[in-house]
Amino acid sequence: EVRASAVQAYGKLAPEASLLPALAPLLTDADPHVAANVHEGLSRADRNALLRYLERMLGASQPAMRMAAVQALGGITGDRPVELMRRAARDPDVEVRLAVVLALEYQRHPQVPDMLRRLSQDQDVAVCEAAERALKRRGQRAAEPAGDPVVTSPEIGTRPPPAAPGAAP
């Protein structure tokens, strides 16, 4: 409770761009009150400064920082946030890609359905399933894959290649 109140007070100082580095990483805080107060504080920040900072966060070496950036981008409408989430959808970390699916689910941008369809073809089963659920909640269907997905090995968590037409299951 003390941390949530401190973040709330800190967030009220926004749109000071210098506060973004302190607030943004707290988007992934375990306490939902802290995360909610961070979202509120970030909503007061200068949009361009915030997008520049979130773009830098997407380049961080720590997946938690990239996830925090995606979570913040999910609350911002427009072309630039969606483009940054498109970039994050190619992140090597599965948790970041899952965060992208969650962030896109309620975005009303015309590119979102296509992005979710592409994520429904991810090599990680959890990402595929999350994207398919998001499309279903949006009243849309995942597209059939254009060809065999690129799977280099049948590792746990990857989608197996589809059986050849007419082959026995």
Side-chain angles (χ1 to χ4, degrees), residues 20-21 23-32 34-36 38-39 42-43 47 50-169:
L20 295 176
L23 286 177
L26 294 172
L27 285 165
T28 57
D29 196 275
D31 182 343
V34 171
V38 170
H39 274 285
L42 291 178
S43 71
R47 179 183 171 88
L50 177 59
L51 288 172
R52 283 190 304 273
Y53 184 72
L54 294 173
E55 183 173 13
R56 283 194 308 271
M57 283 179 67
L58 287 175
S61 60
Q62 308 90 352
M65 289 292 283
R66 299 192 308 269
M67 284 176 54
V70 168
Q71 289 175 351
L73 288 166
I76 306 171
T77 59
D79 292 341
R80 186 67 181 137
V82 170
E83 186 55 41
L84 291 172
M85 284 190 281
R86 180 182 302 281
R87 176 176 141 194
R90 295 186 300 268
D91 195 279
D93 189 275
V94 67
E95 297 298 325
V96 174
R97 295 193 312 276
L98 280 169
V100 171
V101 171
L102 294 175
L104 288 173
E105 185 170 353
Y106 299 103
Q107 282 276 342
R108 295 292 171 222
H109 192 278
Q111 293 179 15
V112 169
D114 180 57
M115 291 172 65
L116 287 171
R117 284 186 192 97
R118 289 176 187 265
L119 285 161
S120 75
Q121 301 301 314
D122 193 271
Q123 71 178 20
D124 188 273
V125 173
V127 175
C128 292
E129 291 173 350
E132 289 167 0
R133 282 191 306 272
L135 283 164
K136 185 176 180 180
R137 280 192 283 271
R138 292 172 63 92
Q140 296 165 328
R141 294 183 30 198
E144 292 297 318
D148 290 347
V150 178
V151 177
T152 56
S153 65
E155 298 172 23
I156 295 175
T158 59
R159 189 177 270 210

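R138 and L104 make their closest contact through NH1-O, 3.6 Å (heavy atoms, listed as atom of the first residue, atom of the second, distance). Smallest separation of non-hydrogen atoms from L98 and A126: CD2-O, 3.6 Å. Taking both residues in full, the closest heavy atoms of G78 and R47 are given as CA-NH2, 4.0 Å, listed atom of the first, atom of the second, then distance. Nearest approach of L51 to P81, heavy atoms of both residues: CD2-CG, 3.9 Å.
Taking CE of M65 as the start and CG of L54 as the end, the distance is 9.5 Å to the nearest 0.5 Å. Atoms OG and CD, from S120 and E129 in turn, are 11.5 Å apart once rounded to the nearest 0.5 Å. Atoms CD and CE, on Q62 and M57 in that order, are 9.5 Å from each other to the nearest 0.5 Å. For the atom pair CG of D93 and CE of M67, the computed distance is 7.5 Å after rounding to the nearest 0.5 Å. Atom CE of M115 and atom CE of M85 lie 6.0 Å apart (nearest 0.5 Å). The distance from atom CG of L119 to atom CZ of R86, rounded to the nearest 0.5 Å, is 9.5 Å.
Contact annotation: the side chain of L50 approaches that of I76 to within less than 4.5 Å [non-hydrogen atoms, C-beta and beyond]. Counting heavy atoms from C-beta outward, D79 and H109 have side chains that approach closer than 4.5 Å. Within the 4.5 Å cutoff, no side-chain heavy atoms of V82 are placed close to those of L73. Side-chain contact between V70 and L58: present, with at least one pair of heavy atoms (C-beta onward) separated by less than 4.5 Å.
With sequence neighbours excluded, no residue forms a side chain to side chain donor-acceptor pair (under 3.5 Å) with R108. In this view, R118 and D114 satisfy the side chain to side chain donor-acceptor pair (under 3.5 Å) rule, not counting sequence neighbours. Take R80 and apply the side chain to side chain donor-acceptor pair (under 3.5 Å) test, not counting sequence neighbours, and it matches E55.
With hydrogens and angles ignored, the 3.5 Å screen pairs no side-chain donor or acceptor of R117 with any backbone N or O of L135. The backbone N or O of G59 lies less than 3.5 Å from no partner atom in the side chain of R66, so there is not a single donor-acceptor pair. In this structure, the side chain of Q107 engages the main chain of G74 through a donor-acceptor pair within 3.5 Å.
Salt bridge annotation for R97-D122: present, with a cationic side-chain nitrogen under 4.0 angstrom from a carboxylate oxygen.
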